[in-house]
Amino acid sequence: MSARHPVIAITGSSGAGTSTVTRTFQHIFRREGVNPVIVEGDAFHRYNREDMKEAMAREAAAGNDHFSHFGSDANLFEELETLFCQYGNEGSGRIRKYLHNEAEAAPYGQPPGTFTPWEDIPPGTDILFYEGLHGAVKTDKVDIAQHVDLRIGVVPIINLEWIQKLHRDREQRGYTTEAVTDTILRRMPEYVHYICSQFENTHINFQRVPMVDTSNPFIARSIPTPEESMVVIRFANPRGIDFQYLLAMMGGAFMSRANTIVIPGGKIDLAMQLIFTPLILRLVENGRKARARY
Ligand SMILES: Nc1ncnc2c1ncn2[C@@H]1O[C@H](COP(=O)(O)OP(=O)(O)OP(=O)(O)O)[C@@H](O)[C@H]1O
Ligand SMILES: O=C(CO)[C@H](O)[C@H](O)COP(=O)(O)O
């Protein structure tokens, strides 16, 4: 944790919606004049696409059919922890990108499924913003969560998460339904160990719950829309959260527990702006003051 160079992490499974939530944060950063460095979690995969296929085949030959992008062996957890720690202390660190498809890869003149070279974070940023799979991970070897000032979980109920992943991977990444289904099945043990466990380390979780039937996510023709869903927002520590204000600002919202507010899905953007703008401004302001004193 750092008062000088704050770190925010949005953490969630593949297809949960972390990239979508990032757009709301970019809007807040732009409006409030905050200069972030944005880190995509996929940059901390250990292998490029070809090497990952080989690693998976090696593991399968050795009897492990569950090697996946969710676990510690396929990711650079130590390097991610170092980045958060170094940024928190000095505002510096090394980042890169994982290029998922032709559109992302074209500007770099590289093939999809490869990483860009590591680069230093430019000096003068206000905040590090991470979105990806592992922003609140704790294992027996690393404690990534401890370096993050604001940890946010994005966790649709699992049927919805699968529908979102199936649609995104087919439409934007060129995979078949069968290939995505195999990936979901292969990742399940590491999903339970590495993904679910993070949501007890987060400060705020957003769980989208569809109000339409998603019983068989593998045949769903479309992703339930925001208007067809509700969002459960749970605060680990509700002290200081003005629930009366949130209820007044968002028609149709209600409290389901003392630390949990439920809102209509179409209001998620508004909810995030109302909840996060003051938290971001406080982190950035504290950081600026602490750096001025240093
Ligand atoms: N609140 C939402 N309402 C409707 N659709 C959504 C919502 N959030 C995400 N989606 C859709 O779900 C799909 C996956 O979302 P997104 O790409 O943000 O996931 P992700 O968590 O960033 O995945 P990955 O980590 O694998 O890149 C996208 O097609 C996106 O449009
Ligand atoms: O979304 C993911 C993890 O968040 C992807 O599964 C991972 O980044 C690998 O991508 P690809 O299968 O396109 O090589």
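Order of listing sets the numbers, starting from 1, for every ligand and every atom in it. Numbering starts at 1 and runs along the sequence shown.
- Residues Tyr87 and Thr125 bring a donor and an acceptor atom of their side chains to less than 3.5 Å of each other.
- Closest to atom 14 (C) of ligand 1 among all protein heavy atoms lies Gly15 O, 3.6 Å.
- No N or O atom of Ile223 sits closer than 3.5 Å to an N or O atom of ligand 1.
- Taking the six-membered ring where the residue is Trp, the centroids of His100 and Tyr98 are separated by under 6.0 Å.
- Proximity of Arg173 to ligand 1, defined as any heavy-atom pair under 4.0 Å, is confined to the side chain (atoms from C-beta onward).
- A side-chain N or O of Arg208 and one of Ser229 form a donor-acceptor pair less than 3.5 Å apart.
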Side-chain polar contacts of residues 27-34 - donor-acceptor pairs under 3.5 angstrom, sequence neighbours left out - could you list them?
from, atom 1, to, atom 2, distance (Å)
Arg31, NH1, Gln273, OE1, 2.6
Arg31, NH2, Thr277, OG1, 3.1

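- If you check which protein heavy atom lies closest to atom 4 (C) of ligand 1, you get Arg208 NH2, 3.2 Å.
- Aromatic rings from His134 and Tyr194 are positioned such that their centres are separated by 6.0 Å or more.
- The protein heavy-atom contact nearest to atom 9 (C) of ligand 1 is Thr20 OG1, 3.4 Å.
- Here the side chain of Asn205 pairs a donor or acceptor atom with the backbone of Phe199 at under 3.5 angstrom.
- Among protein heavy atoms, the minimum distance from atom 7 (C) of ligand 1 is reached at Gln164 OE1, 3.7 Å.
- Thr214 is linked by a side-chain hydrogen bond (donor to acceptor under 3.5 Å, both in side chains) to nothing, counting only residues two or more places apart in sequence or in another chain.
- Scanning the protein for heavy atoms near atom 22 (O) of ligand 1, the closest one is Ser19 OG, 2.3 Å.
- Between Glu50 and Lys53 there is a salt bridge, with a side-chain nitrogen of the basic residue lying less than 4.0 Å from a carboxylate oxygen of the acidic one.
- A continuous path of ILVMFWY side-chain contacts below 4.5 Å connects Met255 to Leu274, so both sit in one hydrophobic cluster.
- Among all non-hydrogen protein atoms, the one lying nearest atom 19 (O) of ligand 1 is Gly17 N, 3.2 Å.
- Although no hydrogens or angles enter the test, the distance criterion places a donor-acceptor pair under 3.5 Å between the side chain of Arg4 and the main chain of Asn89.
- Every protein residue with a heavy atom nearer than 4.0 Å to ligand 2 is included here: Ser14, Asp42, His45, Arg49, His69, Tyr98, His100, Leu133, Arg168, Arg173, Tyr175, Arg187.
- Under a 4.0 Å N-O distance rule, the pair Arg288/Asp126 qualifies as a salt bridge.
- Residue pairs meeting the ring-ring contact (aromatic ring centres under 6.0 Å, His included) criterion with at least one member in residues 254-277, sequence neighbours excluded, are Phe25-Phe276, Phe206-Phe276.
- Contacts of Ser13 with ligand 1, taken as heavy-atom pairs under 4.0 Å, involve the backbone alone.
- Proximity of Ala16 to ligand 1 is established by a heavy-atom distance of less than 4.0 Å.
- The shortest N or O to N or O distance between Asp42 and ligand 1 is not under 3.5 Å.
- The protein heavy atom nearest to atom 17 (O) of ligand 1 is Arg168 NH1, 3.3 Å.
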